[in-house]
Undergrad: 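Dumping the structure here so I can ask a few things about it.
Just so we're clear, the structure is a prediction, and the values are computed from it rather than from any experiment. Just so we're on the same page: letters track the sequence lines, and every chain starts at 1.
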Amino acid sequence: MTTLEENAGPVNDPTTDFNIFDPEFVRDPYPTMSEIRESACPIAHSDRWGGSWLPTRYQDVVAIAQEHEIFTSRDIVVVPRSGLGVEGPYAGVAAPPISSDPPDHHWHRRLVLPVFAPQAVAKYEQTTRDFCNQLIDKFIANGTADAGTDYAQQIPVRVIATLLGVPLEMADEFTSWVRGVLEVGLTDPKVRFESRLKILNFFQTQLEDRKKNPREDDLITDLLNSGDKYPVTDQYVLGVCNLMLVAGIDTTWSAIGSSLWHLAGHPEHRAQLRANPDLWPTAVEELLRAYSPVTMARIVDRDTEFQGCPMKAGDRILMAYPAANRDPRQFEQPDEVILDREHNRHVAFGSGIHRCAGSNLARLELRVALQVWLERIPEFSLVDPAGVTWAGGQVHGPRVCRVRF
Amino acid sequence: MCSIAAPEVFGSDELGHATVLIVGDLPAELHAKARRAQANCPEDAIIIEE
């Protein structure tokens, strides 16, 4: 049950048969999420894709996130891994700390947090701004561009490559590997396996290099040298690099893409941001709420009943943060983008011990990417609204999104 | 999030965990910002004592 063909077929009742890779759900998941949320069965179940639960109410999603002992992170991908191949030395490489459970989770997370503290990520603001301007320089004279592939897609990969100290010239390769793991690969096990292998082979070489030639002020060198405080292994460092690449690129790219897609169709919001620059921090949170890109998975540790649902050990739960963030029980007018929304306790970055460690960097990238775009391209619109393509499943956002200006 | 909504009231330590910058009572002009931080804290971790 790992390919599109095996899981295709019409969905009659999403509460018992949802399909996260149904083309309509991928394009616009919100009506289906709302249908499930307001049904008698707000925690849906489907046998497709190896079987999974889908909680859609804010309160349920947060409660599951907080109960990390029952709802573990031993697998966080929305579909099961296929039995394809053996990875030899990489078999045990995960994505710490996001894939870690306590007690190791504590030090797995402790080591990466300083990299993403607000004062630490501030040093990437000018770099990000420069990347954004360079990208716009390439297409501004054309009067048209793909806000997805020419812009949104190009920004986080460069920031993450800078942060990891790996070659910027490899941006296209990194993007292709990450899509292989998180996007294309979720419905194509061979692509997923090969892409993961490419990522791990690449970072294994980087690790060997840093051991021979340690660098100053370098994340990989610093992680390798943290063994005096914590039981750091090559496998751990490889896992962290894997996570930063995979989790740091597609996610933020999707948030930037969705936000530009929204702004393309809402001149009043562009005007509002121009008139009131103080609005940016609040506006960024609202765009993150309304277009939350990420859905993570949890694996049930032991048989348990949650809100009347009989969950069995090994069951997969899809943490539908995008659904939680549009729950009318938590947010007034949840389907409206209200850039100055007062109350916004959104969970776009998750909740509990696995709350996104990179949220401060993601916020910075999203804000700067949108600010630079609006500074240079104040007025723009979609060339063909129906021609916008979307990715979904684990990470939701536009891919091809042509605009004219 | 709180350090974005109310930078005068909240900061962050080297791990990015939130810290409170003001000891004792908050000046009245910061009440609104502090409330906004509370209303936007994703972990519902802020308690304002009146």
Undergrad: Using heavy-atom distances under 4.5 Å, tell me whether L15(B) contacts chain A through its side chain, its backbone, both, or neither.
TA: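 Its backbone and side chain both get close to chain A.
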Undergrad: With a cut-off of 6.0 Å (strictly less than), are more than 12 heavy atoms of other residues, nucleotides or ligands near CD of E332(A)?
TA: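 At most 12 heavy atoms, drawn from other residues, nucleotides or ligands, come within 6.0 Å of this atom.
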Undergrad: Specify which of T282(A), V112(A), V347(A) makes the most heavy-atom pairs with chain B at under 4.5 Å.
TA: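 So the answer, after comparing T282(A), V112(A), V347(A), is T282(A).
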Undergrad: So, the side chain of Q119(A) versus the backbone of D13(B): is there a donor-acceptor pair under 3.5 Å, distance only?
TA: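 Pair found, side chain donor or acceptor close to backbone of D13(B).
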Undergrad: Using a heavy-atom cutoff of under 4.5 Å, enumerate the residues of residues 26-38 of chain B that contact chain A, numbered in order, or state 'none'.
TA: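 The stretch touches chain A at R36(B), Q38(B).
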Undergrad: Please look at N360(A) and chain B and tell me whether the side chain, the backbone, both or neither of the residue comes under 4.5 angstrom of a heavy atom of that chain.
TA: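 The answer is neither part of N360(A).
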Undergrad: Do any of residues 41-50 of chain B come closer than 4.5 Å to chain A, heavy atom to heavy atom, and if so which ones, in number order?
TA: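 Checking residues 41-50 of chain B against chain A gives C41(B), P42(B), E43(B), D44(B).
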Undergrad: Find the one option among S3(B), S12(B), A5(B) whose heavy-atom pairs under 4.5 Å with chain A are most numerous.
TA: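 Most heavy-atom pairs under 4.5 Å with chain A: S12(B).
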Undergrad: For the candidates P118(A), A120(A), P281(A), which exhibits the highest count of non-hydrogen atom pairs separated by less than 4.5 Å from chain B?
TA: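 The option with the most such pairs is P118(A).
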Undergrad: Report which part of R341(A) has an atom under 4.5 Å of a heavy atom belonging to chain B: side chain, backbone, both, or neither.
TA: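 Contact with chain B: backbone only.
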Undergrad: Say whether, by atom type as modelled, one donor and one acceptor occur between the side chain of N40(B) and the main chain of H343(A) under 3.5 angstrom.
TA: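 Checking the backbone N and O of H343(A) against the side chain of N40(B), no donor-acceptor pair under 3.5 Å is found.
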Undergrad: How far does CG of L113(A) sit from NE2 of H17(B), to the nearest 0.5 angstrom?
TA: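 If we round to the nearest 0.5 Å, L113(A):CG and H17(B):NE2 are 5.0 Å apart.
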Undergrad: Which bit of H346(A) is near chain B, if near means a heavy-atom gap under 4.5 Å: side chain, backbone, both or neither?
TA: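 Backbone only.
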